[in-house]
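Just passing along the structure, written as structure tokens.
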Protein chains: 2
Amino acid sequence: MSEQTQPAEVAEIDPALERLVHDMIGRVADKWTLLILEILEDCGELRFTEIGRKVEGISQKMLTQTLRQMERDGLVKRTVHPVIPPKVEYKLTQLGHSLSYAFCGVWTWAETNIGKVEEARAAFDARQ
Amino acid sequence: MSEQTQPAEVAEIDPALERLVHDMIGRVADKWTLLILEILEDCGELRFTEIGRKVEGISQKMLTQTLRQMERDGLVKRTVHPVIPPKVEYKLTQLGHSLSYAFCGVWTWAETNIGKVEEARAAFDARQ
DNA sequence: CAGCATCCTAATAGATACTG
DNA sequence: CAGTATCTATTAGGATGCTG
């Protein structure tokens, strides 16, 4: 990273965009979002309560909230079937899939390095 | 995903590991952690207050807390120089660097798709 | 300089009850 | 079934003051 030699090139990104990107990541890296993303990636289209059952420990409130958020961000498509009792299905959009793929690296990192992290924690705690 | 036909194959990951991984990601996907990770990746080794100045808007409390957390998790190395006034430097460990790389995908995704997300939001809000 | 301790507020998440 | 609404408990985080 040597952007001082090419002033107009990388430009260190403009601060406004950078903030937006941070906000995006903050939003999208949310625990429940990640879990729902994962499940919809695995299972395809699911109903509201099916997602609720598959996402261990999520409250109905958080489920609604997170799904609404993801829908608003264009990550999931919500389909309401006009039947009684109501049937609402959720699936990832193309954008949702692409985010899911983007997270593969982090996911893999976590799986492969969790041992090292726990080791580091143990060592740190032992030092105190 | 049909794990009932191949019991030992994908195994859907064991739930305990999965939870650990989720916790890991939740921890590591934290806003301040990401920002500090980014800055240390760019700048190499930095002092406490230097990081504070570079991370826009972070309070001293959050800086301390996040750095301590990252140190505990083995992401950063903290070096105390026994001088007066005190000089403490922080740099990424190998593990920290690897996490930083793992996040590249998400980072890139956010940069390239922020437009689509804002578009989706506008469309969603217009619908309400 | 690099922090720790304390207090206080604001945002978040859970539990619970109700509805088209 | 798929939510909404409300209340409460927990937590994250900021402001401030102090110290080796």
Side-chain angles (χ1 to χ4, degrees), chain A residues 19 22-36 39-40 43-73 75-91 124-125 127-128, chain B residues 19 22-36 39-40 43-73 75-91 124-125 127-128:
Chain A
R19 233 209 112 175
H22 289 151
D23 289 352
M24 280 283 318
I25 293 183
R27 154 85 51 85
V28 125
D30 166 74
K31 175 189 178 184
W32 298 126
T33 303
L34 246 16
L35 288 173
I36 293 175
I39 279 171
L40 289 179
C43 304
E45 194 161 24
L46 289 177
R47 300 179 63 168
F48 184 81
T49 35
E50 288 175 330
I51 302 176
R53 269 195 299 271
K54 283 174 184 290
V55 181
E56 183 83 18
I58 195 170
S59 68
Q60 187 261 17
K61 179 184 174 181
M62 279 297 100
L63 182 56
T64 304
Q65 204 171 101
T66 308
L67 282 173
R68 204 65 77 241
Q69 194 78 75
M70 293 174 79
E71 187 196 358
R72 179 168 183 262
D73 289 348
L75 301 176
V76 306
K77 174 78 170 56
R78 175 171 176 269
T79 309
V80 181
H81 301 277
V83 295
I84 293 174
K87 178 176 180 177
V88 180
E89 290 185 306
Y90 295 87
K91 65 170 177 179
F124 181 91
D125 293 347
R127 250 176 281 144
Q128 308 310 312
Chain B
R19 234 210 109 175
H22 290 153
D23 289 352
M24 280 284 318
I25 292 181
R27 154 84 51 84
V28 127
D30 166 74
K31 176 189 178 186
W32 298 126
T33 304
L34 246 17
L35 288 173
I36 293 176
I39 279 171
L40 290 180
C43 304
E45 195 161 23
L46 289 177
R47 300 179 64 168
F48 185 81
T49 36
E50 288 175 332
I51 303 176
R53 269 193 300 271
K54 283 173 185 289
V55 180
E56 185 83 15
I58 194 170
S59 67
Q60 186 260 18
K61 180 183 173 180
M62 280 297 102
L63 182 55
T64 305
Q65 203 171 102
T66 309
L67 281 173
R68 203 64 77 245
Q69 194 78 75
M70 292 174 79
E71 188 195 357
R72 180 170 183 260
D73 288 348
L75 300 176
V76 305
K77 174 77 170 59
R78 176 171 176 269
T79 309
V80 181
H81 301 279
V83 295
I84 292 175
K87 179 176 180 179
V88 180
E89 290 186 307
Y90 295 87
K91 64 172 180 178
F124 181 91
D125 292 348
R127 251 176 281 143
Q128 308 311 309

For this session: Please examine the side chains of Val55(B) and Thr66(B), heavy atoms only from C-beta on, and report whether any two atoms are closer than 4.5 Å.
Result: no
For this session: Could you tell me the separation between the CD atom of Glu89(A) and the C1' atom of dA2(D), rounded to a whole number of Å?
Result: 13 Å
Exercise. Between Pro85(B) and Lys31(A), which is nearer to the 5' end of DNA chain C once each is assigned its nearest nucleotide?
Worked result: Pro85(B)
Exercise. Which heavy-atom pair separates Trp32(A) from Glu56(A) by the least distance, and what is that distance?
Worked result: CZ3-O, 3.8 Å
For this session: Look at Arg78(A) and dA2(D) and indicate whether a side-chain polar atom (N or O) is within less than 4.0 Å of OP1 or OP2.
Result: no
Exercise. Counting just side-chain N and O atoms, does Arg47(A) come under 4.0 Å of either OP1 or OP2 of dC1(D)?
Worked result: no
For this session: Provide, to the nearest angstrom, the distance between the NZ atom belonging to Lys61(A) and the P atom belonging to dC7(D).
Result: 12 Å
Exercise. With sugar-phosphate meaning primed atoms plus P, OP1 and OP2, does Lys87(A) contact a base, only sugar-phosphate, or nothing at under 4.0 Å between heavy atoms?
Worked result: sugar-phosphate
For this session: Identify the two heavy atoms, one from Arg27(B) and one from Thr33(B), that lie closest to each other, and give their separation to 0.1 Å.
Result: O-OG1, 3.9 Å
For this session: Can you measure from OH (Tyr90(A)) to CD (Glu45(A)) and round to the nearest 0.5 angstrom?
Result: 11.0 Å
Exercise. If you round to the nearest 0.5 Å, how far is CG of Asp30(B) from CD1 of Ile25(A)?
Worked result: 12.0 Å
Exercise. Rounded to the nearest 0.5 Å, how far apart are CD1 of Ile58(B) and CD1 of Ile39(B)?
Worked result: 8.5 Å
Problem set entry | Spacing of Leu67(A) atom CG relative to dA2(D) atom C1', expressed in whole Å | 11 Å
Exercise. Any side-chain heavy-atom pair from Lys31(B) and His22(A) closer than 4.5 angstrom?
Worked result: no
Seminar exercise, completed: Distance col, row Ile36(B):CD1 vs Leu63(B):CG, nearest 0.5 angstrom, shows 5.5 Å
Problem set entry | Identified side chain to side chain contact (heavy atoms under 4.5 Å, CB included) partner of Phe48(A) from the options Glu89(A), Arg78(A), Gln60(A) | Gln60(A)
Exercise. Rounding to a whole Å, what distance do you find between Asp30(B):CG and dT11(D):P?
Worked result: 16 Å
Problem set entry | Rounded distance in Å - CD (Gln65(B)) to P (dT11(D)) | 13 Å
Exercise. Rounded to whole angstrom units, what separation is found between the CD atom of Gln60(A) and the C1' atom of dA5(D)?
Worked result: 11 Å
Seminar exercise, completed: Contacted region of DNA chain C by chain A, from 5' end to 3' end of the hits, cut-off under 4.0 Å to heavy atoms, spans dA13(C) to dG20(C)
Exercise. If you look at every heavy atom in Pro86(B) and Arg47(B), which pair is closest and at what distance?
Worked result: O-NH2, 3.3 Å
Exercise. Would a 4.5 Å heavy-atom cut-off, applied to side chains only, mark Asp125(A) and Arg72(B) as touching?
Worked result: yes
Exercise. With a 4.5 Å heavy-atom cut-off, do Asp73(B) and Phe124(A) have their side chains touching?
Worked result: no
Exercise. Over how many whole Å does the gap from Gln69(B) atom CD to dA12(D) atom C1' extend?
Worked result: 13 Å
For this session: Could you check which residues of residues 49-59 of chain A get a heavy atom under 4.0 Å from DNA chain D? Sort them by number, please.
Result: Thr49(A)
For this session: In whole angstrom, give the distance that lies between atom CD of Gln128(B) and atom C1' of dG3(D).
Result: 14 Å
Give me, pair by pair, the N or O atoms of the protein and of nucleotides 18-20 of chain D that are less than 3.5 Å apart, along with how far apart they are.
none

